[in-house]
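First comes the structure, then the notes that go with it.
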Amino acid sequence: MIHPGHSFEQAIEEALGDSSLQTSLNTHLVRRSQVARESLLELGEPDRISGLAQRIKQYSVRHLDELLVRFCDRFEGLGGVVHWAADGDEAKRIIVEIAVQHGCKRCVKSKSMVSEEIELNGALIAAGIETVETDLGEFIIQLSNDRPSHIVTPMIHKTRAEVGRLFQEKLGTHYTEDPEELTQIARRYLREKFHQGDLGITGVNFAVAETGSLCLVTNEGNGRMVSSVPRVHIALMGMEKVIGTMRDLGVLFKVFVRSAVGTRLTVYTTIISGPRGQVGVDGPEHLHVVILNNRRSDVLASRHLDLLGCLRCGACLNVCPVYRKIGGHAYGSVYSGPIGAAETPLLAGMASGMETLPELCSLCGACLESCPVKIDLPRDLIGLRNVFVEEGRGPVWMRWAVGFSAWFLSGPRRFRLAQGVGRFVLGRMGQGGWVRRLRFYGSRWTASRDFPVPARESFRELWKASEGEL
Amino acid sequence: MKVSLFTTCLTDTFLPRVAVATVRLLRHLGCEVDFPVGQTCCGQMYFNSGYHQQAKRVGRTMLEVFSESEYVVCPSASCVAMIRDYYEELFENESELQGRVKELIGKTFELTEFLDGVLKVDFSQYRLEGIGRVTYHHGCHNRGLGQKAEQVIGLIQAIAGLEYLEPEKMDQCCGFGGAFAVKMEGISASLASDKSRCLAATGADRVVINEGGCWLQIAGYSHREGVAVRPLHIAELLAESLGLMDGEDGL
C-alpha cells in the first residue's frame, strides 16, 4: 500500500521546498477547515452531534458481523449480487470476472478510495477494459498519471495552470486557466464516456443494513451517472461501511458532508436499492457489490478498531499541521494525513518501512477535535509507535539511550545528578544561556533552533536552599 | 487549601522562575504549597515515543510522590494531559495501581484550570499592574485539556496597563511534539517558523506560553532567529503584577 521506492525523507524535503504546493495547502486547507467548523456549529453543540455519530459508528463497528449479514440478505432480496473479497487481488479478480461475464468493454468510475487502495484501474486496463475516472479531480489525476494527495480533493496539490496545460496536451483543447471553462471541457469529454460506458464502478459511502441500500455522495453528479447509465454497476466497499438503519444514515450523513466540504448537503445524494425493475425503471440491469476485507478484520481485532469508523471526510487532513506542511504525497500511501498515518501500517500488515508513518504527527490533537466521529487518532498513533518499539524496530542506540535516560528520570537523586551533568556540559558548550550547536542526534534540534542551558539553580535546588520559603 | 506543586522536568531544569512564581502566586491566593521532592517527570516523552515500559517506570514515581497530596498543580499543560488522558492506559495491567491512578487524575490540574475552576479567583477584584504589550500562544495541550484561549486571554486582560495583541493562527501547533521536533526536524522547524512569524507580527514584547514543550520550541527558534518576542509564563505575569517577584527579570 506504500508506493514502491518511496523515501519519506526525500518526499518531505521536496514538499517543504515546493512553493506552489505550499501556497495551495496554505490557502485551501485553512479555509476548508473553517467552513467545516462553521457548518457543524449550525447543528448546535458540535460535541453532542459528533458524540452521537461516534456512538453509531462504534456500535456499527462492534456489530459488523450481524450488520453485514443483514445487509447482504436485504441487498440480495432486492436483486443484487454480493461478492466477498479477502484482499485486493481477489477483489480485482472478481470485478474483472463480472466485467468479462457481462461483456463489458468500457468502464466509467466514480471516486473511490478503496479502488485506489487495491489499485483497481490497472487490473481493468490490463483486462482490456477502457477505464475512465469521472470525478473531475480523479479525472485530472488519471490524465496526468498522478496519484491523489487528499481523500476528498485528490488534486489539491495541482494548480489551475497545470490543469490548463494538461487538458491542452491530452485533450487537444485551447489553453485556459478559467475553472468554469476547464470544467466544461471535462464535462463534454466525460458526458460522452458516460453514454458509451457499459460498466459503472463506484465506491460506497454508507451501506444500510436495514434496507440493503447503498448510499453514494457526490457533488458533481458523476456518481449518479455511473450508477444509472451503464447496464452493469459494481459497487466496491470496505466491509466497515455498513451501518444499521436509515436513522443512523441521517445523523452520519449530516456530520459527514459538513466535515468534508462544509455544506449542509452534497449536490447529489444517491440511495440505491436494487437494480432496475425492482423499485423503478432507472438503474443498471445488473447490480453487484464487492465487500472487501484486506486486513480490516485484523484492525477489528486490534485495539485500533475504531479507526474503522472513519467516514473518509478528510477533516483530519485539513486541520493537521503536518499535512498542511507536506501534503498527501509525502505519506507515500493512498490514505494520507493523520488517518492514513494510523491506518496504513495496519492495513499493510505493519510491514517494514511503515515505522515513519505514525511519526508524522506532533500529537497536537487537532484531528481528534475535527473528527465527526471522534476517532482518537493521537492515541492510535502513539499505540502504533509502541507496537514498533515492542517489535524492536528502530536503531539500537536509541533504545539504549532511552532506557538509560529513563533510569535517570525515575528517581530524584539520579534526576538531580542528570541535571547537574547537563548544566555542566551544556554550560560549557553554550553562550549567554543558549547552545548553538549540539552533536549527534542533538544536531537535529540545533539545525534550526538553539537549545537552552539549564538554569544556574534548578527549582528543586532553590526550594531546598530556601527550605520552601521562596 | 493544600496544594502540591508538580513542576515538571523541563520547568524544574530550565525555568525555575516559573515554578517560583507559581508557588508565590498560589500562596498569595491563600494556598498552602509544598513541593514533594521525590518528583521527577511524568514520562510523557517516553510514552509519546512508544517507549511505554520506560514511561511506566518514570510515571510510577508520580503515583507514589503525590499519593498524600490534596491537589496537584502543574504549570505545564501537556504533563497534565499525559496524566489525565493516558495514565489509565499506561497502568492498565497494574490493577493494584488503578486506585492511585484514578485519584491522581482527579486531583491534578493545570495552573490556569486550578485558578479558574477550583480556586475560582476573580482577578478583576485584584489590582494588577503591568506594562507592555503581550501576545499569547494557546498550546495544543492547553486546548486538549478543554481550555478556551479566551480564559487565559481574560486573565491577561485583567492586568491594568498591559496591552493584549492577538496573533494569527493562535491554535496552530508550534511544531514541538516531543521527539517529533528532532525526528521530523524539517516539518517541525517550518511550523516553528510560522508560529514565530505570527507572534512577531503582533508587535508584542512578550508571549505568554503555559506549556514547557512549546516554550522550548518557540524560545529556541526565536533565539536562533533573533525574534524579539520573549516567552513568559502566566504565573510570572500574574505574580509580577501582584508585586511578588522582586522585579527581577521583569517585563
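Naming: A, B, ... by sequence-line order, numbering from 1 per chain.
- If you measure heavy-atom distances from A/Ser466 to chain B, you find no contacts under 4.5 Å at all.
- Heavy-atom distances place both the backbone and the side chain of B/His223 under 4.5 Å from chain A.
- For a residue to count as touching a neighbouring chain, one of its non-hydrogen atoms must lie under 4.5 Å from one of that chain's; by this rule B/Val23 touches chain A with the side chain only.
- Both the backbone and the side chain of B/Thr13 come within less than 4.5 Å of a heavy atom in chain A.
- For A/Ile12, the part sitting under 4.5 Å from any heavy atom of chain B is the side chain, from C-beta outward, and nothing else.
- For the set B/Tyr51, B/Phe176, B/Phe47, the count of heavy-atom pairs under 4.5 angstrom toward chain A peaks at B/Tyr51.
- Counting heavy-atom pairs closer than 4.5 Å to chain A, the top residue among B/Ser222, B/Cys140, B/Gly177 is B/Cys140.
- Only the side chain of B/Leu5 comes within contact range of chain A, with at least one heavy atom under 4.5 Å from a heavy atom of that chain.
- Heavy atoms closer than 4.5 Å to chain B are found nowhere in A/Glu9, neither backbone nor side chain.
- No part of B/Met62 comes within reach of chain A, as not one of its non-hydrogen atoms sits under 4.5 angstrom from that chain.
- Comparing B/Ser190, B/Ala55, B/Gly175 by how many heavy-atom pairs each has under 4.5 Å with chain A, the most go to B/Ser190.
- Residues A/Leu360 and B/Met184 approach most closely at CD2-SD, 3.6 Å, considering heavy atoms.
- Here the shortest heavy-atom pairing between A/Ser410 and B/Thr61 reads O-CG2, 3.2 Å.
- Residues from residues 69-89 of chain B that place a non-hydrogen atom less than 4.5 Å from a non-hydrogen atom of chain A comprise B/Asp85, B/Tyr86, B/Glu89, given in numerical order.
- For the pair A/Asp450/B/Tyr221, no side-chain contact is recorded, criterion being any heavy-atom separation below 4.5 Å from C-beta on.
- Contacts of B/Ala179 with chain A are absent, with no heavy-atom separation under 4.5 Å from either backbone or side chain.
- Contacts of A/Glu369 with chain B are made by side-chain atoms alone, with heavy-atom separations under 4.5 Å and no backbone atom involved.
- Using a 4.5 Å cut-off on side-chain heavy atoms (C-beta onward), B/Tyr46 and A/Val402 make contact.
- Here CD of B/Gln172 is found 9.0 Å from OG of A/Ser362. Values are rounded to the nearest 0.5 Å.
- Between the side chain of B/Arg224 and the backbone N or O of A/Arg449, at least one donor-acceptor pair lies under 3.5 Å.
- The pair A/Arg444-B/Glu185 does not count as a salt bridge, with every side-chain nitrogen at least 4.0 angstrom from each carboxylate oxygen.
- The residues B/Glu92 and A/Arg303 are annotated as salt-bridged, a charged nitrogen and a carboxylate oxygen being separated by less than 4.0 angstrom.
- No other option in B/Thr11, B/Asp194, B/Leu191, B/Leu15 has as many heavy-atom pairs under 4.5 Å with chain A as B/Leu191.
- Residue contact with chain B, scored on non-hydrogen atoms closer than 4.5 Å, involves the backbone and the side chain of A/Trp445 alike.
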B/Gln39/A/Arg460 under side-chain hydrogen bond (donor to acceptor under 3.5 Å, both in side chains): CA gap, chis, key distance, verdict: CA-CA 10 Å; B/Gln39 63 181 285; A/Arg460 63 186 61 226; 5.3 Å; no
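- For a residue to count as touching a neighbouring chain, one of its non-hydrogen atoms must lie under 4.5 Å from one of that chain's; by this rule A/Arg379 touches chain B with backbone and side chain alike.
- Ring planes of B/Phe35 and A/Phe459: perpendicular class, angle over 60° (limits at 30 and 60°).
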